[in-house]
Amino acid sequence: MWKLESGQAKTWGKGAVPSTIFTPPILCLSLRELITPPTYLKADCDNSKRFIEYLLEREDVKEAWLEHTEHAFVAGLADGTLPLETFKYYLIQDYLYLVSHNTKLSGTDVDIRQFHALTTRKSASIVTHINEEVKLHLKYCEEFGVSKEEIESTQESQACTAYTRYVLDIGHSEDWLALQISMLPCLIGYGEIARRLHNDPNTEREGNRYWQWILNYVADDYTEAVRVGSDLVEKHAVRQSPNRIEELVRIFVHATKMETGFWDMGMEGNV
Ligand SMILES: Cc1ncc(CO)c(N)n1
């Protein structure tokens with residue numbers, strides 16, 4: 001994030017008139033950076049590829065992405081073999097995860113620029129959707145015999161805490177786009193997993209108690225949230241320098257590993 005160095009503050013004119021002179025970030029970029037298109041728009045790339053597509057096809061992203069989207073937990077949802085207690089524990093933690101994102105990212109208890117921006121810009125749709133998902137989740141938990149009281153008396157797992165605090169940390173220490181990228185695996189991952197399982201003829205439908213989970217994430221409201229969130233990232237990604245893209249990719253990979261950690265936590269039970 002760009003901070004005002006103490007040496008940058010200057011008094012302007014006579015008396016105590018304002019002001020701090022802020023060095024715009026653009027001055028700190030080299031000319032080369034400014035005129036070089038982002039790596040994924042270079043001549044040797046297929047320019048029609050959008051940023052997210054480019055991201056997911058990168059060798060250094062692919063492995064982490066597959067580990068998350070094709071996790072054993074996901075396979076257990078697809079064929080219905082995931083033990084019920086495992087799923088219930090995951091569900092509780094997922095609720096705590098969503099609530100944590102919801103309250104912390106909605107700007108209600110964090111007063112920093114990015115979070116205000118999140119609630120006031122269109123990107124709020126991501127947070128708004130989380131809001132919706134929280135409500136849905138409670139109903140879904142009930143169907144599995146998990147009450148609100150049980151959820152609220154359960155401690156957050158380490159994986160849950162690590163993930164939500166990582167996103168918060170990016171929000172505090174980086175800028176708005178970095179925050180969006182740190183939430184991108186969360187947004188697009190479940191959408192991609194559910195779409196794949198939904199289209200796969202080998203997925204158990206009848207008699208699979210987790211089929212509804214798949215349906216939840218192919219539902220219109222979720223796919224719409226994915227579309228809006230993705231479009232927003234696309235819009236801003238084209239304006240980033242190559243160095244910045246590399247930084248964002250690192251954030252994306254880290255957040256993806258946090259998603260995998262969340263499934264691991266689900267499989268391993270109470271950690
Ligand atoms: C851990 C996790 N990632 C993504 C989603 C989708 O919003 C979710 N509910 N939980």
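Heads up: numbering here begins at 1 and tracks the sequence.
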Q) Which heavy-atom pair separates Gly76 from Tyr210 by the least distance, and what is that distance? A) O-CD1, 3.9 Å
Q | Side-chain heavy-atom pair Met267, Leu82 within 4.5 angstrom cut-off | A | yes
Q.
Are the side chains of Met265 and Gln93 in contact, using a 4.5 Å heavy-atom criterion?
A. yes
Q. Got a sec, which pairs hit side chain to side chain donor-acceptor pair (under 3.5 Å) with one end in residues 60-83, sequence neighbours left out?
A. Arg58-Asp60, Glu59-Lys62, Trp65-Glu192, His68-Trp263, His71-Asp264, Asp79-Thr81
(Q) List the residues meeting side chain to side chain contact (heavy atoms under 4.5 Å, CB included) with Ala178, not counting sequence neighbours, and say none if there are none. (A) Ile170, Glu174, Asp175, Arg244, Leu248, Ile251
Q | Residue list, side chain to side chain contact (heavy atoms under 4.5 Å, CB included) with Glu149, at least two apart or on another chain | A | Ser147
**Q.** Under the salt bridge (charged side-chain N to carboxylate O under 4.0 Å, His left out) test, residues paired with Glu152 that sit two or more places apart
**A.** Lys148
**Q.** With sequence neighbours excluded, residues passing side chain to side chain contact (heavy atoms under 4.5 Å, CB included) with Thr223
**A.** Asp220
Q. Does Glu259 have any side-chain hydrogen bond (donor to acceptor under 3.5 Å, both in side chains) partners at least two apart in sequence or in another chain, and if so, which?
A. Tyr163
Q: For Val74 and Arg196, run side-chain contact (heavy atoms from CB on, under 4.5 Å): C-alpha distance rounded to whole Å, both residues' side-chain angles, the deciding distance at 0.1 Å, then the answer.
A: CA-CA 11 Å; Val74 173; Arg196 180 170 59 78; 3.8 Å; yes
Q: Return the set of residues passing salt bridge (charged side-chain N to carboxylate O under 4.0 Å, His left out) with Glu85 (not counting sequence neighbours), or none when no residue passes.
A: Lys88
Q: Output all residues satisfying salt bridge (charged side-chain N to carboxylate O under 4.0 Å, His left out) with Glu224, sequence neighbours left out; order by chain, then residue number.
A: Arg227
Q | From NZ (Lys235) to CD (Gln180), nearest 0.5 Å | A | 11.5 Å
**Q.** Those residues that, when tested against His198, pass side chain to side chain contact (heavy atoms under 4.5 Å, CB included) (two or more places apart)
**A.** Trp211, Ile214, Leu215, Val218
**Q.** Interatomic spacing from CG in Leu96 to OG1 in Thr161 - rounded to 0.5 Å
**A.** 9.0 Å
Using atom types as modelled, flag every donor-acceptor pair under 3.5 Å from a side chain in residues 182-190 to any protein atom, sequence neighbours excluded.
from, atom 1, to, atom 2, distance (Å)
Ser182, OG, Leu179, O, 2.8
Tyr190, OH, Tyr90, OH, 2.7

Q. How long is the gap from OH on Tyr95 to CD on Glu150, to the nearest 0.5 Å?
A. 13.0 Å
**Q.** Test item: side-chain donor near acceptor, Gln212 and Asn216, under 3.5 Å
**A.** yes
Q. Taking a hydrophobic cluster as the set of Ile, Leu, Val, Met, Phe, Trp and Tyr residues connected by side-chain heavy atoms closer than 4.5 Å, whether directly or through intermediates, do Val249 and Leu66 fall within one such cluster?
A. no
Q: List the steps, then state whether side-chain contact (heavy atoms from CB on, under 4.5 Å) holds for Phe51 with Val238.
A: CA-CA 8 Å; Phe51 172 68; Val238 285; over 6 Å; no
